[in-house]
Amino acid sequence: MNFKSFLFLLLIFSIIVSCNSKDKNGYKEVFYRAVNDKDTTILALNISDNRFFGRYEISYYKTGKDSGDVRGDIKGDTFRGDFHFISNGGSWKRIPIALLKKQNKLILGNGIIGTYMSLPCFISGTLNYNDPKFVFEEIKK
């Protein structure tokens, strides 16, 4: 292998490594917890200026749990995306998720779920943050 081939391979390797690591750059990791009666949720988010992704787990008292991944966009104080999870150890499901940030808390939105281009979403005009099932509080690691 000559020197030019080595430099070319080194350049390709550098590009691959930098492209794979871009997801973590610029993201802040934040943990949230919410309790509703005896149901508990944990939300571990990686947050940038305009995107978020992470893990979400809802533990239902004596029933089971839903756990999976969340991802989406941030516009102002609103996080909107989807929750892709396994329900109580059954099949995979995908539902929309909307969170409103207020004073270091995240309020879980609710509304009527429909589909648009085979993706779940809240039907226009039905999303609200009144009487939320969960209000997430930031927890320090």
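Just so it is clear, the model here is predicted, and its values are computed rather than measured. Below, each value reflects all heavy atoms present in this structure, side chains not excepted, and no hydrogens, waters or symmetry copies. Numbers here simply count residues along the sequence, with the first being 1.
The minimum heavy-atom distance linking R51 with G72 is given by the pair NH1-O, 3.2 Å. The two atoms that bring T41 and F134 nearest to each other are CG2-CZ, 3.3 Å, heavy atoms only. Nearest heavy atoms, V135 versus A34: O-CB, 3.3 Å. In this structure, C121 and T115 approach most closely via the heavy-atom pair SG-C, 4.2 Å. Across G109 and F122, no two heavy atoms sit closer than the pair O-CZ, 4.4 Å.
Here CG of L119 is found 7.5 Å from CZ of R94. Values are rounded to the nearest 0.5 Å. Taken from CG in N50 to CD1 in I47, the straight-line distance is 12.0 Å, to the nearest 0.5 Å. K105 contributes atom NZ, which lies 12.5 Å from atom CG of L100 (distance to the nearest 0.5 angstrom). Within the model, atoms OG of S87 and NZ of K93 stand 4.0 Å from one another, a figure rounded to the nearest 0.5 Å. The OH atom of Y56 lies 3.5 Å from the CZ atom of F136; values are rounded to the nearest 0.5 Å.
Salt bridge present: E138 and K140 bring a charged side-chain N and a carboxylate O closer than 4.0 Å. Salt-bridge check for D73 with R80: failed, with every basic side-chain N at 4.0 Å or more from each acidic carboxylate O. Using a 4.0 Å cut-off between a side-chain N of Lys or Arg and a carboxylate O of Asp or Glu, D77 and K102 do not qualify as a salt bridge.
Checking side-chain atoms of N36 against main-chain N and O of K133 turns up a donor-acceptor pair under 3.5 Å. Judged by distance alone, with hydrogens and angles left aside, the side-chain atoms of R33 form no donor-acceptor pair with the main-chain N or O of L43 at under 3.5 Å. Within the 3.5 Å criterion, the main-chain N or O of I112 finds a donor-acceptor partner in the side chain of T126.
Side-chain contact between K28 and N46: absent, with no pair of heavy atoms (C-beta onward) separated by less than 4.5 Å. Side-chain contact between D37 and Y61 is absent, with no heavy atoms from C-beta onward closer than 4.5 Å.
There is a path of hydrophobic side-chain contacts, each under 4.5 Å, that joins I95 to L106. In terms of hydrophobic clustering, with Ile, Leu, Val, Met, Phe, Trp and Tyr side chains grouped at heavy-atom distances under 4.5 Å, F53 and V30 are assigned to different clusters. L99 and I42 end up in different hydrophobic clusters when Ile, Leu, Val, Met, Phe, Trp and Tyr side chains are linked at under 4.5 Å. Note on Y60: it clusters hydrophobically with F83, by side-chain heavy-atom contacts below 4.5 Å among ILVMFWY residues. Both L108 and I74 belong to a single network of hydrophobic side chains, linked directly or stepwise wherever heavy atoms of I, L, V, M, F, W or Y lie under 4.5 Å apart.
When the options D66, V70, D69, I58 are evaluated for a side-chain contact (heavy atoms from CB on, under 4.5 Å) with F85, the one that passes is D66.
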Apply the test side chain to side chain contact (heavy atoms under 4.5 Å, CB included) to residues E137 and Y32: give CA-CA distance (whole Å), side-chain angles for both, the deciding distance (0.1 Å), then the verdict.
CA-CA 5 Å; E137 295 187 19; Y32 294 93; 5.8 Å; no
Requested in this report: Take F52 and Y27, measure what ring pair (Phe, Tyr, Trp, His ring centres under 6.0 Å) needs, and give me the verdict at the end.
Outcome: CA-CA 8 Å; F52 72 93; Y27 283 88; 9.8 Å; no
